[in-house]
Amino acid sequence: MLKIYNTLAREKQIFTPIVAGKVSMYVCGMTVYDYCHLGHARVMVVFDMVSRWLRTSGFEVIYVRNITDIDDKIIKRANENNETIGQLTQRFIEAMDEDSAKLGVLRPNIEPKATKYVDGMIKMISALIKKGFAYVAANGDVFYSVNNFEGYGKLSGKSLEDLRAGERVEVDTHKKDPMDFVLWKSVKPNEPSWDSPFGGPNGGKGRPGWHIECSVMSSNLLGEQFDIHGGGQDLQFPHHENEIAQSEAAHSHDGKACQMVNYWMHNGFVRVDDEKMSKSLGNFFTIRTVLEKYDAEVVRFFILRAHYRSPLNYSDKHLDDAKLALTRLYTALRGHVVSDTAIDWQHPQSARFKEALDDDFNTPEAMAVLFDLANEVNKTKAVEAASLLKNLAGVLGLLQRDANEFLQGEVIINAGVGQLNLEGLPAKITGTGTSSQAQSTHAVGEFTVSNKGIEQFIEQRLAAKKAKNFAEADRIRKELADAGIILEDSPQGTTWRRA
RNA sequence: GGCGCGAUAGCAAAGCGGUUAUGCCGCGGCCUGCAAAGCCGUUUAGACCAGUUCGACUCUGGUUCGCGCCUCCA
């Protein structure tokens, strides 16, 4: 039985969908004005894992992750870049798709763009005005009146009084209450706008505020009430609080509020040096930067290795550690021809795996099962265990590549190469270095040794070994090791992998 | 100032009122020409102070420290 930690209740609750066997899930996606960073990666990977587990558990899932393609930052950035908003957002949507695909994130069922739902937003704002939850200010902005919504603060655990006390919001003279938030922004020069019936000095022309987007897209696609709403912890307030205020007020019938979401899920932050990674702090690493150095599966593994609600500290050291751990799993799978048969959920390890994920998606515990299975594979060489390992890992979107592809695939070897004697080693040069540079004493650059070259060296070493010339054999091995190639002898022959 | 979350071994990270988490690193052994990988064994825990209990890392209270939200943020 699946249990989910519900932010609304601040406890784990048994998950009961609105419609038996079906799950409707909405996750706040990205504002596309820049490349995604690791914080975004975490949201994508975490809720990808959630949707995978729900499907594995037999639910029919509709997963919606929106795209915010109109907002202050987008307008500003497009102006800076001298490109249209459409060009800018399209570029970064493509980049996001690339990044998420590399991380093994499956596409959500629907990825609505805010700009396609402006009509719906106007409708909902009109309904809010009509019901007395919103008002048109003198400047043409439309604000939500928080005082009129009884449950304001129920998600974030804040009261209006507390909020006002610690208030850092700039005083906007157009607002009736400092906590009121904007639903519709009256048009400004050089900004895109849509017509609306809200009136005001600009005849209603304007564009939607951020919060209203999600209320409209979620209810349009999933209905007035749906099962799960997810997002990063930082969206809890004010974004999600405002979504509730908008949706529940707009969808109230005869004065009775309609509960918008049954289970609110929030993932923890990615941190750098114990501080939240964010655009505003400037301490962020984009996904593509990290992928220059680390295999995408290592990054996915790194994210799933921690519980989704815990903070996750990012550093090269942690990624290195994750890489070694994942290497252990792939090493266990190496040489096994694994069957793609259905998972036997009666198997003790499968049962343990299921129990872990059913307990609020406890991926660290599920991972422990994977390592126990790897140990079993190494010990018994049993194909069944290897199959189970691969298939269970597949539920998390891991371990699906050929082991050798992971272990031998090209990785970039940094620095230090200048000291190596690579004479005669067929080296393929990538990046900034050149062949001669790589072999010179002060080479700075990156290179990878071709697989064919490695095989040649293994042959040479084998010959040396046969001739009992161990000094030569060790020299070759050492040289390869310095180049990041580790040799492993076994009764079946010599295999290799990249460090 | 208000509200919330957390503190686990060298690092990372879970469960659990009494029995090995797990991964990396370290140490000993097996294997190996020697290594690596793997296997076996093993050293390092539960911020601090009280309380509940036969028994607490696990429950309760307090202290200290860290983080987050209260403004855009995944």
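Excluded from the calculations below are hydrogen atoms, water molecules and symmetry mates; all remaining heavy atoms, backbone and side chain alike, are included. Chain letters run A, B, ... following the sequence lines, proteins first, then strands; residues in each count from 1.
At the heavy-atom level, A:V369 lies nowhere under 4.0 Å from the strands shown. At the heavy-atom level, A:S159 lies nowhere under 4.0 Å from the strands shown. Residue contacts for A:H37: at a heavy-atom cut-off of 4.0 Å it reaches a base atom on one of the strands shown. Residue A:M277 is in base contact, counting any heavy-atom pair closer than 4.0 Å across all strands shown. Contact annotation for A:G29: backbone-only contact, meaning every heavy-atom pair under 4.0 Å involves sugar-phosphate atoms and none involves a base. Counting non-hydrogen atoms under 4.0 angstrom, A:D372 reaches the backbone sugars and phosphates but no base. Heavy atoms of A:A368 sit under 4.0 angstrom from at least one base atom. At the heavy-atom level, A:G231 lies under 4.0 Å from the strands shown only through sugar-phosphate atoms. Contacts of A:R305 with the nucleic acid, taken as non-hydrogen atoms under 4.0 Å apart, include base atoms.
The separation between A:F269 atom CZ and B:rG66 atom P is 18 Å, rounded to whole Å. A straight line from CZ of A:F237 to P of B:rU71 spans 6 Å, rounded to a whole angstrom. Going from atom CD of A:E275 over to atom P of B:rG6 covers 21 Å, rounded to whole Å. Protein atom CG of A:N242 is 14 Å distant from nucleotide atom C1' of B:rC69, rounded to whole Å. At whole-Å resolution of the value, CG in A:L324 and C1' in B:rC11 are 12 Å apart. Atom pair A:D234:CG and B:rG68:C1' shows a separation of 9 Å (rounding to whole Å applied). Computed from coordinates, the A:Q492 CD to B:rC31 P distance equals 18 Å when rounded to whole Å. Atom CZ of A:F92 is separated from atom C1' of B:rA74 by 17 Å (rounded to the nearest Å).
Counting heavy-atom neighbours within 6.0 Å of A:D273 CG, excluding the residue itself, gives a total of 12 or less.
Relative ring orientation between A:W53 and A:F353 is described as perpendicular, the plane-to-plane angle rising above 60° on a 0-90° scale split at 30° and 60°. Aromatic ring pairs are classed by plane angle as parallel below 30°, tilted from 30° to 60° and perpendicular above 60°; the pair A:H37 and A:F284 is tilted.
Seen from the ring of A:Y5, A:R309 counts as a face-on cation partner, given the 6.0 Å and 45° thresholds.
A side-chain donor-acceptor contact under 3.5 Å links A:Y144 to the backbone of A:A245. At least one donor-acceptor pair under 3.5 Å links the side chain of A:T363 to the backbone N or O of A:A306.
Summary of the strand contacts: A:G232 and A:N362 both lie near RNA chain B, and taking for each the nucleotide with the nearest heavy atom, the more 5' one is attributed to A:N362. Each of A:T31 and A:P364 was matched to the nucleotide of RNA chain B holding its nearest heavy atom; the match closer to the 5' end belongs to A:P364.
Taking atom P on both nucleotides, B:rG29 is separated from B:rA21 by 25 Å, rounded to a whole Å. For the P atom pair drawn from B:rU52 and B:rA45, the interatomic distance equals 27 Å after rounding to whole Å. Comparing the C1' positions of B:rC16 and B:rG46 gives a spacing of 13 Å, expressed to the nearest Å. Of the P atoms belonging to B:rA36 and B:rC31, the separation is 15 Å, rounded to the nearest Å. To the nearest whole angstrom, the two C1' atoms, one in B:rA14 and one in B:rU22, are 8 Å apart. Nucleotides B:rA50 and B:rG66 place their P atoms 23 Å apart, quoted to the nearest Å. Distance noted for atom P between B:rC59 and B:rU8: 15 Å (whole Å). Between B:rC57 and B:rA47, the distance separating the two P atoms is 10 Å to the nearest Å.
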Reading nucleotides 32-38 of chain B from 5' to 3' and marking B where a protein heavy atom lies under 4.0 Å of the base, S where only the sugar-phosphate is that close, and - otherwise, the string is -BBBBSS
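Using modelled atom types and a 3.5 Å distance limit, the side chains of A:N313 and A:D274 yield a donor-acceptor pair. A:H266 and A:H240 share a donor-acceptor pair across their side chains, judged by distance under 3.5 Å alone.
The distance between the ring centers of A:F181 and A:F143 does not fall below 6.0 angstrom. Aromatic ring centroids of A:F15 and A:Y263 lie under 6.0 Å apart. Taking the six-membered ring wherever Trp is involved, the centroid distance between the rings of A:F47 and A:Y63 does not fall below 6.0 Å.
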Each base of RNA chain B marked ( ) or [ ] if paired in-strand (Watson-Crick or G-U under 3.5 Å), | if paired to another strand and . if unpaired gives (((((((..(((.....[...))).(((((.......)))))....(((((..]....))))))))))))....
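You'll find that the side chain of A:P238 is closest to B:rC72, out of B:rC72, B:rA74, B:rG15. With B:rG2, B:rA14, B:rC69 as the choices, the nucleotide that has an atom nearest any side-chain atom of A:D162 turns out to be B:rG2.
Applying the 3.5 Å distance criterion, the base of B:rC69 shares a donor-acceptor pair with the side chain of A:K158. The base of B:rG23 sits with one of its N or O atoms less than 3.5 Å from a complementary donor or acceptor on the side chain of A:D321.
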Determine, stepwise, if the pair A:K323 / A:D295 fulfils salt bridge (charged side-chain N to carboxylate O under 4.0 Å, His left out). CA-CA 8 Å; A:K323 181 186 170 182; A:D295 184 279; over 6 Å; no
